[in-house]
J.: 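One structure, pasted below without further comment.
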There are 2 protein chains.
Amino acid sequence: MSQIPDIAAATTEPYQQIKRARVSDAIVEQLLQLISSGALKPGDRLPSERDLCSRFGVGRTSVREALKPLITMGILEGRRGSGNFVAAEAGQFQKPLEWGLLQDLHGRDDLVETRHMLETNAAHWAALRAGAENLTAIEDTIQGMADHLQQPARFQHYDASFHFEIARATQNKILFRLINVIRGQIQTWIGERLTLSPARAEALARTSLAQHQDIFEAIKAADGAGARAAMDHHIQTATQDLHDLGKARKSD
Amino acid sequence: MSQIPDIAAATTEPYQQIKRARVSDAIVEQLLQLISSGALKPGDRLPSERDLCSRFGVGRTSVREALKPLITMGILEGRRGSGNFVAAEAGQFQKPLEWGLLQDLHGRDDLVETRHMLETNAAHWAALRAGAENLTAIEDTIQGMADHLQQPARFQHYDASFHFEIARATQNKILFRLINVIRGQIQTWIGERLTLSPARAEALARTSLAQHQDIFEAIKAADGAGARAAMDHHIQTATQDLHDLGKARKSD
DNA sequence: TCTTAAAATTGGTCAGACCAATTTTGATCT
DNA sequence: AGATCAAAATTGGTCTGACCAATTTTAAGA
């Protein structure tokens with residue numbers, strides 16, 4: 001009765017299951033520690049695997065099995081003949097997030113709904129916290145959109161950058177990461193099915209541009225509620241457009 | 001000028017960087033496919049590593065390097081002498097999410113702020129979508145809290161379950177996962193520094209219980225705005241308490 | 001039928017070897 | 001001295017075979 005699910009139990013269960021120490025896991029922990037503490041910065045090169053063997057006092061198998069997860073998740077990058085490197089900051093920890101949500105990314109509705117929540121809040125906080133450099137960065141992306149109204153790919157690039165810069169302006173790193181992951185997923189999911197007639201594309205682009213400008217004005221004016229409302233409107237429009245396109249495509 | 005960050009570029013760049021196929025990565029992909037498609041269900045046992053070698057036509061090294069990331073991320077579970085198994089569903093994909101956010105977990109404020117956003121929205125949606133079984137599950141956790149006002153550990157367990165069940169009631173799997181990860185982090189972070197005098201603990205517990213009941217009532221009444229407001233109040237109180245405790249401890 | 005000890009199986013680790021890509025070195029030429 | 005380019009050394013990726021430790025299976029014995 002009222003069976004308490006596993007996760008909840010795990011978070012409060014005082015007795016942690018004893019895992020016999022696997023050598024490679026211990027190494028993983030050390031490396032993660034070094035990276036997240038900043039001792040290893042993005043772009044840094046790790047000692048060669050054969051070096052690490054002697055440093056850790058273990059065989060190469062163990063070293064490699066420790067590196068492998070970090071590489072697979074994009075935290076490290078292995079270059080044959082050159083060495084293992086700490087991945088660029090931007091890409092770091094992006095893949096694990098994607099993997100973490102992989103299971104649920106099939107649910108289109110959840111994705112859209114979550115994005116709506118994240119982005120409206122981002123607009124709100126960005127309005128309250130954006131610094132001068134954030135504002136110019138955002139404005140630049142709007143300029144980019146205005147300059148490429150008839151080049152969908154370019155336009156979309158600046159569109160993405162716009163939301164990217166807003167997320168950055170929140171100064172909230174977690175929110176920043178979450179938005180990028182969710183957006184990335186939606187983007188790929190859109191890209192697969194979105195090919196428009198040039199005329200229609202430009203019409204949508206103009207609408208989108210105007211909405212982006214509204215959002216920017218509100219952020220510039222440090223109007224949190226206004227920015228949230230403008231973003232809300234923008235996303236609802238965009239979502240609706242996508243929905244309509246999906247239908248139109250179906251009836252083709 | 002106006003340098004576009006890496007992520008934004010990556011999401012829209014049509015030409016994907018060619019990665020020379022690494023054998024192990026190909027295997028990872030196949031296994032992930034099998035799991036997320038349901039061909040391999042939680043608890044299932046994989047063929048032995050030596051079996052997989054011949055099936056894939058590769059050496060054991062490659063097989064193991066493919067399994068390792070999945071094991072490290074908690075998607076698979078390796079039992080020495082027994083075999084490799086697909087991990088229980090609950091724990092699945094939890095670790096990668098934690099890793100994904102690990103980098104930012106130093107920023108306490110971000111964590112608190114993000115939790116506030118996630119949970120208030122969760123309350124809102126839960127109010128609109130909670131089914132009968134969700135309501136009883138939530139009510140059970142409140143009962144549990146009421147029954148253990150003087151046992152902090154127990155109380156905290158039901159407290160966590162309360163938020164857990166609300167997250168579940170949103171029917172939004174992504175939101176559900178995000179909340180659990182963030183909460184888990186905050187929980188461990190709290191646990192380290194939270195030891196109260198029994199009297200003070202019970203006082204806090206009573207306040208907390210009352211607030212939980214308010215939230216529940218709003219959800220039960222399908223009052224989205226009310227639930228959001230109640231949750232907002234609750235989290236602000238809890239955050240403030242934590243803050244005060246931190247100060248008190250410092251001045252000790 | 002139940003116990004129990006031996007044997008087989010399986011994941012974890014080590015060692016050595018080879019390949020392919022890259023970097024470094026050094027000889028050669030200008 | 002500086003530039004060029006081929007050989008050598010370095011490094012990650014993979015394979016093979018071996019051994020250990022934990023577990024499961026088997027089979028012998030009571």
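In what follows, every chain begins at residue 1, and chains take the letters A, B, ... in the order their sequences are listed. As the structure is a computational prediction, the values presented were derived from the model and not from experiment. Note that these values count all heavy atoms, side chains included, but never hydrogens, waters or copies made by symmetry.
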J.: Tell me every residue that passes salt bridge (charged side-chain N to carboxylate O under 4.0 Å, His left out) with Asp147(A), counting only those two or more places apart in sequence or in another chain.
T.: none
J.: Can you name the one residue among Arg115(A), Arg168(A), Glu119(A) that meets side chain to side chain donor-acceptor pair (under 3.5 Å) with His163(A)?
T.: Glu119(A)
J.: Any side-chain to backbone donor/acceptor pair from Ser82(A) onto Arg79(A)? Under 3.5 Å, distance only.
T.: no
J.: Rounded to the Å, how far apart are Leu70(A) CG and dG13(D) P?
T.: 13 Å
J.: Answer with base, sugar-phosphate or nothing: what part of the nucleic acid does Arg79(A) contact at a heavy-atom distance below 4.0 Å?
T.: sugar-phosphate
J.: Between Ile71(B) (CD1) and dT10(C) (P), how many Å, whole number?
T.: 15 Å
J.: Would you confirm whether the ring centroid of His148(B) sits within less than 6.0 angstrom of the ring centroid of Phe155(B)?
T.: no
J.: Which listed nucleotide (dG12(D), dT24(D), dT22(C)) is nearest to the side chain of Asn84(A)?
T.: dG12(D)
J.: From CD of Glu49(A) over to P of dC14(C), roughly how many Å is that when rounded to an integer?
T.: 14 Å
J.: So among Gln171(A), Glu165(A), Arg129(A), Glu139(A), which one has a side chain to side chain donor-acceptor pair (under 3.5 Å) with Asn134(A)?
T.: Gln171(A)
J.: Check the distance between dG13(D)'s P and Leu46(A)'s CG and give it to me in whole angstrom.
T.: 12 Å
J.: Give me the residues of residues 55-68 of chain B where at least one heavy atom lies under 4.0 Å from an atom of DNA chain C, by number, or none.
T.: Arg60(B), Arg64(B)
J.: Atom CZ of Arg50(A) and atom C1' of dT22(C): how far apart are they, to the nearest Å?
T.: 13 Å
J.: In whole Å, I'd like the distance from the CZ atom of Arg80(B) to the P atom of dG11(C).
T.: 12 Å
J.: Given the ring of Phe164(B), does Arg183(B) sit roughly above its face, with NZ or CZ under 6.0 Å from the centre of the six-membered ring and within 45° of the axis?
T.: no
J.: Under 4.0 Å between a side-chain N/O of Arg45(B) and OP1 or OP2 of dT10(C), yes or no?
T.: yes
J.: What residues, two or more places apart in sequence or in another chain, satisfy ring-ring contact (aromatic ring centres under 6.0 Å, His included) together with His116(A)?
T.: none
J.: Can you tell me if the side-chain N/O atoms of Ser24(A) get under 4.0 Å from OP1 or OP2 in dT13(C)?
T.: yes
J.: Return the value, rounded to whole Å, for the distance between atom CZ of Phe85(B) and atom P of dT10(C).
T.: 11 Å
J.: What is the distance from CG of Leu76(B) to P of dG11(C), rounded to the nearest Å?
T.: 11 Å
J.: Nearest to the side chain of Val23(B) - dG12(D), dT10(C), dT14(D)?
T.: dT14(D)
